[in-house]
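Note sheet for the following structure.
Just so you know, residue 1 is the first one in the sequence shown, and it goes up from there. Owing to the predicted nature of the structure, the values given are computational and were not obtained by experimental measurement. Each ligand, and each atom within it, is numbered from 1 in the order the structure gives. Excluded from the calculations below are hydrogen atoms, water molecules and symmetry mates; all remaining heavy atoms, backbone and side chain alike, are included.
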Amino acid sequence: MTRPFDPAIDGLDVYLVGGAVRDAQLGWPVYDRDWVVVGATPETMQARGFVPVGKDFPVFLHPTTHEEYALARTERKSGRGYGGFTVDASTAVTLEEDLSRRDLTINAMAQALDGTLIDPYGGVEDCRKRLFRHVSQAFIEDPLRVVRLARFQARYDALGFQVAEPTWALLVTMVGAGELEALARERVWQETEKALGESACPAFFDLLSRLGALPQLMGPSVDVLALRRGMARQARHLSVEARWAALLQYHALPALTAVMAHMKVPKRFAQLAAAFQRTRAFSSEASLTASSVLGWLSDIDVWRKPERADAVLSMLALEADTDTESVLVKRLGKARQAAEAVSPKALSAEGYRGAAMKEALATARHRAIAQALDECDGAL
Ligand SMILES: Nc1ccn([C@@H]2O[C@H](COP(=O)(O)OP(=O)(O)OP(=O)(O)O)[C@@H](O)[C@H]2O)c(=O)n1
């Protein structure tokens with residue numbers, strides 16, 4: 001890891017830390033690099049052109065690479081609930097002390113600029129053994145670490161990672177004490193959204209469900225059995241929004257809505273999940289009438305959000321286990337195309353305006369859908 005001469009850090013005691021060191025050990029791609037600086041003051045950093053960005057502790061952006069450089073620090077829990085940490089980032093804090101405040105041994109390694117590894121807690125060994133192991137009892141001071149661990153499980157599941165037994169015991173204690181209730185919902189969602197993007201995203205929910213943590217994180221309305229069914233339905237190529245919708249598809253609508261509200265889920269996630277639920281309500285061919293299909297298309301707002309219809313139809317196609325279900329998806333697709341082909345411009349050219357336009361548009365779409373459904377009958 002010898003680097004070209006860099007005047008900004010020349011003479012500073014600098015180490016690569018956290019995820020970059022872990023991922024290099026695991027042979028995993030490294031996306032961003034975080035650094036720790038030992039024995040420096042904020043004034044030294046700023047004099048060297050580093051830009052301060054930390055609100056709660058001293059973190060700086062490198063003047064040219066814009067990578068994050070944090071002053072070595074210790075953290076001690078000082079209050080109840082989430083937050084309330086006393087931070088010491090004085091020049092006396094050592095690298096080992098900084099590493100000791102971290103969550104997992106695999107995240108508590110550092111690498112000097114000459115490539116030397118500093119691994120006081122056995123992170124290399126745990127990478128090799130594929131073990132998530134806490135660094136110290138201070139793990140319990142930050143309940144977000146439970147959710148982070150579940151996210152790491154989703155990321156490294158294929159490598160065969162498991163939770164070390166003593167760490168599992170800690171997780172059980174934290175969940176048992178209701179610690180996760182205190183987490184800011186936004187932070188929980190942030191981790192959840194990241195987990196949805198991981199290749200083994202069901203492993204995130206699986207771990208949290210085995211801990212009994214889901215009601216604390218997703219609210220009392222979460223239906224764990226329904227979620228487990230949804231977990232079995234995750235396809236890799238789906239977008240994160242579609243994965244979320246697929247996961248929650250077996251929830252009754254009121255429970256679905258309550259979970260979304262509890263978790264403060266961003267609109268685009270909530271809307272796609274609701275649209276998918278709405279689409280799944282077409283359970284038989286008999287339920288496909290021109291009026292019901294037009295109502296569905298309007299409810300999911302296909303006119304302004306055609307991509308939403310694409311997403312729900314491809315998800316429904318994935319779900320289709322029987323011929324009847326596949327036919328249903330095809331018919332919905334054809335009807336949707338026909339309705340979208342109706343041109344508001346052409347009607348406007350015919351002189352329709354305002355409420356009359358709205359009515360003419362609905363009638364033309366209804367007619368187009370009916371015709372498409374008839375044609376499907378003839379073809380199938
Ligand atoms: N609640 C937390 C958050 C972070 N960390 C420490 O801070 C480092 C950086 O955190 P972050 O950038 O959030 O995560 P990464 O481990 O780098 O993982 P990712 O690859 O997801 O960025 C972690 O490795 C870990 O040492 C911690 O101990 N406890």
Side-chain angles (χ1 to χ4, degrees), residues 15-38 53-62 66-77 81-85 87 89 93 95-111 117-124 126-127 131-157 159 161 167 170-171 174 179-180 182-184 186-201 203-204 213 217 240:
Y15 301 86
L16 184 64
V17 287
V21 184
R22 175 196 67 221
D23 286 337
Q25 285 294 319
L26 294 174
W28 203 261
V30 172
Y31 296 106
D32 54 14
R33 301 191 301 177
D34 295 317
W35 304 86
V36 156
V37 186
V38 178
V53 286
K55 234 185 344 136
D56 304 321
F57 37 79
V59 184
F60 303 84
L61 296 186
H62 187 284
H66 309 296
E67 289 177 340
E68 276 188 17
Y69 285 69
L71 296 188
R73 66 176 190 273
T74 57
E75 282 170 4
R76 295 232 161 69
K77 186 102 172 120
Y82 192 60
F85 282 92
V87 175
V93 177
L95 178 66
E96 281 71 14
E97 283 171 337
D98 179 285
L99 295 175
S100 76
R101 73 170 162 82
R102 294 171 185 264
D103 52 357
L104 301 170
T105 60
I106 60 167
N107 289 339
M109 298 179 277
Q111 193 169 16
L117 262 181
I118 297 99
D119 178 23
Y121 306 102
V124 173
D126 285 338
C127 280
L131 277 180
F132 297 121
R133 186 197 303 277
H134 63 283
V135 169
S136 78
Q137 283 300 112
F139 184 94
I140 61 172
E141 291 181 351
D142 179 3
L144 190 70
R145 290 174 164 175
V146 178
V147 191
R148 275 171 59 86
L149 199 157
R151 175 166 66 79
F152 288 130
Q153 184 73 62
R155 186 186 299 170
Y156 302 122
D157 204 48
L159 296 181
F161 261 90
T167 306
L170 267 195
L171 299 178
M174 291 165 83
E179 296 275 348
L180 277 50
L183 289 171
E186 290 76 7
R187 297 301 304 278
V188 173
W189 176 255
Q190 234 173 30
E191 293 295 329
T192 307
E193 189 175 337
K194 281 190 191 170
L196 288 169
E198 299 293 355
S199 53
C201 83
F204 173 80
L217 297 169
V240 286

Original post:
Excluding sequence neighbours, so at least two apart, what forms side-chain hydrogen bond (donor to acceptor under 3.5 Å, both in side chains) with E67?
Top reply: R33, W35
Looking at non-hydrogen atoms alone, which of [options] comes nearest to [atom]?
| atom | options | answer |
| --- | --- | --- |
| atom 10 (O) of ligand 1 | H134, E191, R102, R148 | R148 |
| atom 18 (O) of ligand 1 | E198, E141, R22 | R22 |
| atom 26 (O) of ligand 1 | T105, D32, N107 | N107 |

**OP:** Output all residues satisfying salt bridge (Lys or Arg N to Asp or Glu O under 4.0 Å) with E68, sequence neighbours left out; order by chain, then residue number.
**Re:** none
Could you tell me whether some N/O pair between [X] and ligand 1 is separated by less than 3.5 angstrom?
| X | answer |
| --- | --- |
| K194 | no |
| R155 | yes |
| R151 | yes |

With a cut-off of 4.0 Å, which atoms of ligand 1 are near a heavy atom of [X]?
| X | result |
| --- | --- |
| G18 | 24 (O) |
| D34 | 12 (O) |
| D142 | 1 (N), 2 (C) |

Original post:
Got a second to check how far M109's CE is from L117's CG, nearest 0.5 Å?
Top reply: 7.0 Å
**OP:** State the CD-CG distance between E191 and L196, to the nearest 0.5 angstrom.
**Re:** 11.5 Å
Original post:
With F161, which of F152, F132, W28 fulfils ring pair (Phe, Tyr, Trp, His ring centres under 6.0 Å)?
Top reply: F132
**OP:** Ignoring hydrogens and angles, tell me if any N or O in the side chain of D98 forms a donor-acceptor pair with the backbone of R73 under 3.5 Å.
**Re:** yes
**OP:** State which residue, out of V36, V37, V93, fulfils the side chain to side chain contact (heavy atoms under 4.5 Å, CB included) condition with L71.
**Re:** V37
